[in-house]
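Report on the following structure.
Residue numbers start at 1 and run along the sequence shown.
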Amino acid sequence: MSEYIVALYGDAWVHSDATIAALELNSPGVVPHWPADKQNVDLHRILVHLVAETNRHSGHADILRELIDGSVGLRLGNENMADGDAAWWASYRSELETIAREAAPIHPTD
């Protein structure tokens with residue numbers, strides 16, 4: 001399954017590169033699944049949106065990778081993570097989960 005997802009992302013990457021190379025930033029486009037008043041966009045708007053969405057979801061991808069292979073940080077052998085044994089990380093994770101649960105009522109629509 002992960003091979004399929006990586007290949008699909010690669011296809012999207014190739015398509016995106018071709019689109020960016022072929023069009024001007026002010027080229028018009030339509031995003032049919034966006035609200036009607038926001039569907040008409042230009043390439044510039046889409047690229048800004050893409051950067052924001054990629055940034056927003058990168059953390060989610062990190063979490064999934066950690067669940068899949070157990071590795072954390074930058075890469076195997078260069079994790080760039082704080083020193084700490086399994087007990088320290090469990091305590092740290094618990095503390096973060098507590099903070100997140102306490103903050104949840106701030107965003108009742110999430």
N/O donor-acceptor pairs under 3.5 Å from side chains in residues 35-51, not counting sequence neighbours:
{"residue": "Gln39", "atom": "NE2", "partner": "Pro32", "partner atom": "O", "Å": "2.8"}
{"residue": "Gln39", "atom": "NE2", "partner": "Trp34", "partner atom": "O", "Å": "2.9"}
{"residue": "Asp42", "atom": "OD1", "partner": "His44", "partner atom": "N", "Å": "3.3"}
{"residue": "Asp42", "atom": "OD1", "partner": "Arg45", "partner atom": "N", "Å": "2.8"}

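- For Asn55, there are no side chain to side chain contact (heavy atoms under 4.5 Å, CB included) partners two or more places apart in sequence or in a different chain.
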Pairs of donor and acceptor atoms involving the side chains of residues 82-96, under 3.5 Å and at least two apart or interchain, shall be tabulated with distances.
{"residue": "Asp85", "atom": "OD1", "partner": "Ala87", "partner atom": "N", "Å": "3.3"}
{"residue": "Asp85", "atom": "OD1", "partner": "Trp88", "partner atom": "N", "Å": "2.8"}
{"residue": "Trp89", "atom": "NE1", "partner": "Gly84", "partner atom": "O", "Å": "3.4"}

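- Under the 4.5 angstrom side-chain criterion for Ile, Leu, Val, Met, Phe, Trp and Tyr, the cluster partners of Tyr9 are Trp13.
- Rounding to the nearest 0.5 Å places CD1 of Ile5 at 8.0 Å from CG of Leu8.
- Residues passing the side chain to side chain donor-acceptor pair (under 3.5 Å) test with Glu24, sequence neighbours excluded: none.
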